Amino acid sequence: MIFAAVLALVFMFQAWFSFPFVNKFLNAAVASGAGGFTGMETAIVQSVSPSVTMPELFTLGNTVGSIADAGAQQVSLYSSYGATDSSLLQMQQMVSTFGTVSLVTKVLFALWVICIVALVVGVALRLFRGFDAVLFFALAGTAVVAVVCTIGSFVLGGIVEGLISDMASYSSSSSSVNLTMSLLSPFMAPAYGAVVTIVLGAAGTLSSLVLKD
């Protein structure tokens with residue numbers, strides 16, 4: 001249990017989410033010769049890591065929330081002038097989606113922090129008091145949070161792809177639009193940190209049930 005908990009703490013600070021479109025987009029730009037990339041610039045572009053940790057995702061969530069707030073102000077301004085066209089409705093949907101995404105990232109980050117504290121307290125109680133219950137629930141909770149984040153990454157990716165499709169439907173179909181959509185699909189996926197954390201959390205939880213002092 002202690003071994004799994006310590007390793008889980010390490011992998012909880014690794015990348016939990018990846019954005020496959022980042023490398024696809026940059027590599028496509030390099031392949032097309034856009035911007036006249038030199039050899040050094042190409043190497044820098046290809047070294048970009050399209051992955052983020054939970055704290056980085058929290059920062060991105062705050063940015064998305066700021067965008068949603070700014071969009072809500074624009075919607076309110078347009079509505080005050082009596083605008084009711086389809087573009088306003090689309091903007092309202094996007095603002096609502098961005099607000100939801102920002103809220104979800106904040107909730108997941110809060111749960112992530114709680115799991116870290118619970119793991120540290122659980123390990124301390126197990127080492128110095130021989131008390132297993134806190135560590136058991138900490139490992140189980142950590143595995144559940146990692147599973148939720150893994151599933152959420154696919155859901156969020158689907159939401160973004162849906163928004164891109166809606167935006168494309170309002171514009172004329174062109175090769176550039178099709179290329180952009182292909183680069184943004186898939187938009188988001190779980191990274192190795194979340195997957196390994198699931199395995200460690202589950203292994204530690206099962207060990208506490210199977211192996212007894």
Side-chain angles (χ1 to χ4, degrees), residues 4-30 41-72 94-121 123 138-164 167 180-202 204:
V6 171
L7 283 180
L9 282 170
V10 172
F11 280 95
M12 287 181 76
F13 288 92
Q14 306 304 310
W16 269 37
F17 301 93
S18 65
F19 298 88
F21 79 95
V22 173
N23 276 350
K24 290 174 63 179
F25 183 84
L26 293 176
N27 289 331
V30 171
E41 289 169 341
T42 300
I44 293 174
V45 165
Q46 293 175 340
S47 68
V48 172
S49 176
S51 302
V52 298
T53 61
M54 281 296 289
E56 291 170 337
L57 184 74
F58 177 71
T59 301
L60 289 175
N62 285 335
T63 301
V64 171
S66 298
I67 295 174
D69 292 338
M94 292 183 63
V95 167
S96 176
T97 300
F98 280 17
T100 301
V101 170
S102 177
L103 177 61
V104 169
T105 57
K106 292 176 182 178
V107 171
L108 290 178
F109 180 75
L111 293 175
W112 178 81
V113 172
I114 291 173
C115 287
I116 290 177
V117 174
L119 285 173
V120 172
V121 173
V123 169
L139 286 165
T142 299
V144 170
V145 170
V147 169
V148 171
C149 288
T150 299
I151 296 174
S153 65
F154 290 113
V155 173
L156 181 59
I159 291 174
V160 172
E161 291 173 29
L163 287 174
I164 297 299
M167 292 173 63
T180 301
M181 291 187 63
S182 66
L183 292 174
L184 291 177
S185 179
F187 175 81
M188 191 175 186
Y192 68 93
V195 175
V196 176
T197 301
I198 293 173
V199 175
L200 292 171

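All figures in this text were calculated on a predicted structure; none of them were measured in a lab.
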When rounded to the nearest 0.5 Å, the distance separating OG1 of Thr105 from CH2 of Trp112 is 13.5 Å
Closest approach of Ala4 and Gly204, non-hydrogen atoms and distance? CB-CA, 3.8 Å
If you round to the nearest 0.5 Å, how far is CE of Met54 from OG1 of Thr59? 11.0 Å
Distance col, row Phe17:CZ vs Ser51:OG, nearest 0.5 angstrom, shows 11.0 Å
Could you pull out all residues at least two apart from Val123 that satisfy side chain to side chain contact (heavy atoms under 4.5 Å, CB included)? Ile2, Ala5, Leu127, Leu135
Minimal heavy-atom distance between Ala143 and Ala202, with the atoms involved, is CB-N, 3.9 Å
Closest heavy-atom pair, Phe98 versus Ala68, reported as atoms and distance to 0.1 Å, is CB-CB, 3.8 Å
Residues Leu200 and Ala8: closest non-hydrogen pair is CD1-N, 3.5 Å
Cys115 to Val145 - nearest heavy-atom pair and separation: SG-CG2, 3.6 Å
State the OG-CG distance between Ser153 and Leu57, to the nearest 0.5 angstrom. 10.0 Å
Taking side chain as C-beta onward, heavy atoms only, is Leu119 less than 4.5 Å from Met12? yes
In Å, rounded to the nearest 0.5 Å, how long is the span from CG of Leu9 to OG1 of Thr197? 9.0 Å
From OG1 (Thr63) to CZ (Phe58), nearest 0.5 Å: 10.5 Å
Atom of Phe154, atom of Pro190 and distance for their closest heavy-atom approach: CZ-CD, 3.5 Å
Just by modelled atom types, is the Asn62 backbone N or O under 3.5 Å from a matching donor or acceptor in the Ser102 side chain? no
